[in-house]
Amino acid sequence: MIWRSGELSHRILLYDRWNLLVEKQGNSAENAPKGMDSQLENLRSLSCHAQEVAQDMESIVYSLQNSQSVFLGIEQNENFVKNKIGEGFDVKYHRFVIEALDNRQALIIYIEGIVDVKAIGELLLSPLMQRNKMPQAVGAAEKPGIISMLSSAGISIATVKESQNWTETCDAIMEGNCVLFVDQCDTALLLSVRQQEGRAVEEPATESEARGPRDGFTEKIQTNTALIRSRIKDHGLRFEEFKIGERTKTLVVLAYIERLVSKSILNEVRTRLNRIKVDGILGSSYIEELIEDSPYSIFPQIDHTERPDKASAAILEGRIVLMVDTTPFALIIPTVFWNFLQSAGDYYERYFIGTFLRWIRFIALFTSASVSSFYIMTTSFHQEMIPTKLALQIAAGRADVPFPAVLEVLLMEILFEIIREAGLRLPKAIGQSVTFVGSIIIGQAAVQADLVGPALIIVVAVAAICNFAIPSYSLANAVRLIRFPLLLVTAAFGIFGYLVGLTAMVLHLLSLRSFGESFWTPLIPFEKSGMKDVFMRAPMWRMLTRPGLSHSEDNASRQARGQKPEPPDNG
Amino acid sequence: MMNVKVSRTMYFIMIINILWDKAIGATASVTARAIGPDTWISMSFGFGAGAFIILIVAYLGSKFPEKTIIKYSEELWGKLLSKIVGIILAVFFIVAYGVCANVLILHAKEYFLVETPFVLLCLIFTLLCMYAVYLGIEVIARYAFFGAVSILLMTMLMAMGSNDEFHLNYLLPLMDRGFWPDIAASVYSFGDIALAVLAAGFLYPMLDSSKKSLSLSFWAMIAGGVAVIIWPVIETGVLGGDMMQRYVFCCMEQARATELSRFFPRFELIMIVLFNAGCVVQSSIMFYCAKLAIREVTGIKKDVYVIISLAVILTGVTYFIGVDNNNYSGFLAYPWAQACAALSIGLPFLLLVTALARGKLKSKKLLCPPKNQSGC
Amino acid sequence: MKKIAAVVLIIINAMLLPGCWDMREINDLGMVMAVGIDKDVAANLYIVTVQIAKPASGDGDKKSEHIWVVSAEGKTIFDAVRNLALLSSKRIMWAHNNLIIIGESVARDSIIPVIDYFTHNPEVRMETFVVAAKGDAKQYLSSTSGLEEIPGLGFRDMYRYEFLTGKSVQSNVLRVARRYFSDDRQIAIAAIDFEKGVIKPGAEHPESEAKMIKLAGAAVFNDDKLVGWLTPEQTRGLAWLRNEAKAAVVTVRAPGNENRSVSVETHNVKAKIETEVHEGIPAVTIILSGDAHIDEEDSATNLSMEEFKEIIDQLVEAEIAAEIKLTLDKVQKEYKSDVLDFGRTIHAQHKEEWNKIRDQWPALFPKVPVKIVVNIEIRSSTTLQQPMKDLKRGIGQ
């Protein structure tokens with residue numbers, strides 16, 4: 001028997017089996033019992049099944065309990081909530097009397113610290129507690145109508161919701177809503193008075209641009225969606241809500257434009273999000289790890305950003321932005337490899353410099369991964385590759401060094417990684433200077449002590465600096481990692497090893513997908529219109545269609561033709 | 001398996017990649033030993049003929065949509081004969097892999113890594129191709145794009161770098177050894193053409209649209225041929241037909257004779273870097289076709305078993321073919337070239353004749369999946 | 001599955017970690033800058049002398065030598081090279097070699113070992129300059145005078161600029177090997193000799209003069225043996241024919257003054273060789289065409305620019321034709337070796353006749369009649385509009 005716990009069909013199966021057994025018992029009772037063994041056998045199986053059924057019953061009772069609705073009596077409600085949430089120091093229960101309803105008892109429950117207490121006082125309690133603010137004709141209205149009446153005519157708070165479901169109600173309390181119970185009424189009123197301390201909107205630390213807006217996402221998702229709304233005013237802009245995480249119930253929002261987004265990708269994202277069943281989501285990287293196509297790969301497949309302008313640009317291209325509450329990093333789905341090498345500044349400066357900087361980044365990417373391997377190749381295996389004078393210089397520099405080149409490189413690389421990590425741990429003020437000075441001094445001292453050759457310091461420094469030039473931190477980390485296997489395989493087999501390692505890495509990269517479409521669009525498979533943004537940044541008036549396959553078919557064109565500024569035709 | 005689809009551009013590029021690497025080095029040397037400075041003429045004849053042969057395979061493939069060459073040979077000839085065809089093809093591709101892989105490995109061994117044990121080089125190269133085949137034909141097709149870029153770059157750099165030493169004089173007189181000897185020597189080019197023709201038997205069903213697929217195959221072969229022929233022309237112009245005969249890989253010798261400015265004195269390095277992509281694609285496709293052939297013959301469902309056991313066999317085959325490079329060149333001249341010629345001309349031709357005789361050439365439409373689901 | 005993966009990983013690591021068969025540290029290598037090959041004919045041994053560069057250490061001692069010269073013997077060149085390991089603390093590496101000097105002893109004996117060794121070895125660059133030395137190769141390698149610290153590097157640059165005179169032949173490994181393997185051409189290799197030159201500053205004995213190496217014409221081979229030397233002037237005729245005299249200077253008598261000269265620099269000179277074969281006897285016409293500029297006039301003249309140019313033009317054409325004839329006489333009549341590519345041209349232009357006469361070509365070659373046609377057009381006098389004047393003496397009004 002294969003357990004698939006939690007399925008209704010299985011429960012039904014169990015009950016059937018129970019019934020069958022009971023029947024069987026009944027039947028065999030009629031016929032002469034065959035002997036003690038068979039009886040014992042039956043009993044044993046019965047007790048087994050009984051245990052299983054009992055376990056199931058527990059879960060059924062639990063879910064029944066949770067879907068139980070709000071009680072009528074206010075005492076019961078209060079006790080129920082106290083059992084559930086507890087009476088911690090910030091959970092407040094306040095009983096009061098609604099005069100207009102013949103002094104009916106009412107209860108509000110809220111959690112101090114995440115609600116606006118003043119709003120509760122001014123907008124909720126004061127209208128209810130003052131008789132002259134409520135219409136007189138209320139009096140003996142029926143019970144269910146009271147709450148609706150209160151919400152529509154009594155309370156001044158804008159966002160209200162009625163609920164009879166305990167899960168919803170308790171969730172609402174935890175989220176910073178204020179819940180109102182009225183005696184003899186089995187509906188609770190959920191009032192949104194959430195107010196939370198948050199960071200001011202400021203430029204993101206990791207993605208600053210020379211010329212561009214200086215606002216960045218913060219930890220409050222409402223601020224983030226507001227920042228996007230200030231940029232996109234299209235009627236089709238949608239924010240779809242998800243609550244992910246069993247215990248954190250983090251609010252996750254998908255932002256997209258209805259007519260532009262590709263339906264298949266949207267459905268795929270929804271499916272994957274709905275499939276997530278984890279304890280908690282503390283950052284967007286948790287979601288990234290749970291929904292990406294190749295979880296074992298060291299290369300990132302989903303881009304993230306703190307800049308609302310980058311997110312808005314993605315939405316305008318027909319992609320989906322996934323924002324997570326409590327973290328300023330939004331994910332952009334689907335991502336292609338070229339997005340990791342684009343930065344917002346490309347679009348704010350003129351197109352030529354944008355193109356030039358893209359090429360610099362490609363060179364930086366390649367160099368960062370390969371320069372140490374090249375050093376090993378040229379000094380240990382194929383000395384014929386370098387011009388004679390350079391070879392003599394390097395040989396002179398290494399004349400007194402005791403280590404073989406491979407060991408030298410590994411030592412310096414690992415040392416540099418340690419310095420970099422140490423720099424992160426130090427407080428900001430001294431961290432940068434220590435890293436800077438430390439690396440120079442250590443490098444210099446190592447050369448003078450003849451522990452390493454001078455050419456090597458340059459190689460390691462170049463590799464590190466090129467790493468910093470890659471716009472996406474995740475990709476830069478992946479490159480940092482890939483350096484080491486490439487180095488090892490080059491040290492074993494020279495250029496052949498390097499080529500094999502490089503090819504393996506490229507093959508791996510080529511096999512990555514992003515939500516169903518190839519990771520390397522628009523280069524492979526080739527799409528001419530998208531190529532305007534890969535190796536160069538075409539001028540604004542040239543980018544006539546949306547790139548990639550991530551948009552819906554019928555909305556590919558985004559600009560009118562003929563926008564290039566030209567002098568007027570004077571004839 | 002047949003759900004994998006390859007776009008037309010990728011198919012085109014893959015065919016060019018299959019042809020290029022081995023042809024400019026190994027085949028050019030073997031042909032030069034036979035025919036001297038007329039290598040390029042002889043190879044042109046070969047590739048021209050190959051274009052027509054690949055048309056036959058493509059034509060047959062279009063009449064039996066979504067079926068590899070083994071499957072439709074089963075339709076035409078019956079199960080037993082098709083199994084035999086499958087086995088012959090599997091052996092062919094295994095040996096072809098050994099031949100192709102040795103191109104890169106011998107290059108590395110002779111010019112760069114003289115003392116490394118040969119078996120290790122074979123092993124790591126085969127591991128790489130195993131990884132490529134494991135990832136699937138789509139990834140190989142995408143990598144073929146890099147192969148095509150390398151081919152272009154390499155040819156351009158070579159043309160620029162050998163400007164000084166190129167003497168048109170050395171190519172004259174045309175057809176120095178005579179017309180018929182040139183045609184006879186074109187059998188050596190079949191060592192490469194057969195690879196493309198028979199691989200097309202497996203790759204053709206993967207095309208995602210049947211629009212103009214016949215002419216696509218034809219022009220792919222012609223384009224590959226042009227890309228290849230430029231090299232013997234340059235080699236003859238720089239080295240001379242007589243010097244080409246000496247080497248196992250005269251393309252590397254050509255690279256050594258080229259100088260592209262004072263700061264890149266050693267062109268061999270650039271050569272092997274750009275060579276690598278085409279070689280990996282070539283070898284991986286041979287591996288892949290061998291895998292397909294074995295799967296169709298034996299009916300094993302799980303890919304992984306076939307791949308791993310093939311990898312072991314292939315390492316051994318590569319080692320034995322390449323460990324003595326004189327044997328390698330000798331093997332290419334005889335019997336590899338002749339066997340290839342026989343197989344690549346004979347098999348499609350016989351299939352065509354049978355199909356005509358049995359009237360199975362009624363036109364059928366290739367089922368094209370909707371655009372969003374196409375693989376590449 | 002996991003166990004298999006673990007085993008595979010262990011095997012891979014076991015292969016990679018212990019290190020690597022081809023790894024050589026760069027400071028353990030002795031980079032050969034120039035190599036000379038001699039033969040001890042009596043003992044039938046090859047003597048290989050190499051000039052190895054010493055990388056300057058951090059605390060550079062400027063006075064010390066930058067090169068180290070060492071030599072060893074062996075039955076073949078390869079054997080001798082290996083025997084160098086008995087003397088050298090560093091491993092010999094050929095990749096940066098710039099010059100191969102073939103001693104006269106080897107040249108007269110046979111240059112096949114040289115060609116074979118240097119084409120067999122994958123480390124050798126094909127652009128390495130090959131020269132034939134008058135006398136022993138050994139002595140050339142230890143001379144350190146010249147502009148460069150490492151003479152071997154100096155040679156590489158000398159080879160690059162030799163086209164400025166055209167008085168030498170561009171012979172590198174590729175060209176020599178190419179010519180050797182073809183069936184219708186012979187080899188000519190640049191020759192070097194010593195030149196009494198500059199006094200070394202700070203030398204102990206001011207009278208002693210340092211010897212410098214200079215390019216001194218060419219060595220002509222027949223098959224694989226040296227048959228004779230060509231002087232620089234004779235070599236220039238060869239260079240004209242091979243399109244290697246790209247920027248040569250031709251000096252002619254100045255019109256009106258027998259003792260002075262005018263120098264003309266030629267550009268874009270192209271030689272076209274046309275052949276005809278009548279009844280098995282080939283005839284060759286050499287057509288040389290190009291431009292020139294007047295670069296120096298050593299005396300004043302009364303002529304106008306057009307007249308001056310015309311006279312110089314004819315003189316230059318005659319001079320070039322005479323140079324070619326000089327070469328032809330030496331090469332065709334005396335050395336009887338087809339370094340002029342006549343055979344190749346006949347092969348290219350008349351395939352069928354060549355197949356008939358190919359076996360008798362060595363005997364036919366000295367008898368081939370050659371017609372020389374020179375067409376040089378003098379374009380201008382560099383930067384100047386008028387010929388030289390001497391107004392004080394009334395020349396050139």
Side-chain angles (χ1 to χ4, degrees), chain A residues 262-265 268 294 297 337 366 370 373-374 377-378 380-391 489-490 492-513 515-528 535 549-553, chain B residues 6-10 13 104-105 107-109 111-114 116 120-121 124-136 138-147 149 208 256 261-270 272-277 279-281 284 371-376:
Chain A
S262 155
K263 292 285 181 284
S264 55
I265 295 184
E268 184 63 31
S294 305
S297 170
F337 182 72
F366 182 68
S370 314
S373 308
F374 278 155
M377 253 200 291
T378 55
S380 299
F381 284 89
H382 310 296
Q383 293 84 358
E384 57 264 17
M385 280 158 38
I386 40 184
T388 311
K389 290 220 164 120
L390 186 60
V489 84
T490 312
F493 293 108
I495 185 145
F496 189 65
Y498 175 73
L499 287 174
V500 166
L502 190 69
T503 308
M505 186 182 88
V506 172
L507 283 173
H508 172 74
L509 274 173
L510 286 173
S511 70
L512 296 175
R513 295 190 152 265
F515 285 85
E517 71 175 48
S518 161
F519 196 53
W520 289 74
T521 323
L523 184 66
I524 304 166
F526 192 77
E527 192 204 21
K528 204 177 81 160
F535 292 117
L549 302 169
S550 55
H551 53 82
S552 65
E553 294 293 315
Chain B
V6 163
S7 80
R8 301 176 66 236
T9 329
M10 288 298 149
I13 290 181
L104 189 66
I105 298 178
H107 262 96
K109 172 125 180 104
Y111 293 93
F112 294 101
L113 293 171
V114 188
T116 311
L120 271 181
L121 294 177
I124 61 170
F125 189 75
T126 308
L127 284 176
L128 179 69
C129 290
M130 187 172 92
Y131 183 55
V133 170
Y134 169 73
L135 288 175
E138 287 171 322
V139 175
I140 299 178
R142 289 176 201 169
Y143 193 64
F145 176 80
F146 287 103
V149 170
D208 64 356
R256 283 176 69 196
S261 90
R262 288 175 69 168
F263 298 104
F264 291 112
R266 300 300 284 224
F267 213 73
E268 298 109 302
L269 182 74
I270 301 177
I272 200 174
V273 166
L274 293 174
F275 215 54
N276 171 61
C279 233
V280 170
V281 172
S284 307
K371 211 163 157 195
N372 277 338
Q373 289 174 24
S374 67
C376 210

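Numbered from 1 within each chain, the chains take letters A, B, ... in sequence-line order. As the structure is a computational prediction, the values presented were derived from the model and not from experiment. We use all heavy atoms of the structure for the numbers below, so side chains are in, but hydrogens, waters and symmetry mates are not.
- With a threshold of 4.5 angstrom between heavy atoms, V280(B) approaches chain A through side-chain atoms but not through N, CA, C or O.
- No other option in V506(A), L510(A), I495(A) has as many heavy-atom pairs under 4.5 Å with chain B as L510(A).
- Within the 4.5 Å cutoff, no side-chain heavy atoms of F381(A) are placed close to those of T490(A).
- When heavy atoms are compared at a cutoff of 4.5 Å, F145(B) approaches chain A solely by way of its side chain, counted from C-beta outward.
- Defined by atom type and a distance below 3.5 Å, a donor-acceptor pair is missing between the side-chain atoms of T503(A) and Y131(B).
- Considering only heavy-atom pairs separated by less than 4.5 Å from chain A, the leading option among T116(B), I272(B), T9(B) is I272(B).
- Nearest approach of F519(A) to L509(A), heavy atoms of both residues: CD2-O, 4.1 Å.
- When all heavy atoms are compared, the tightest approach of H508(A) to S297(A) is NE2-OG, 2.8 Å.
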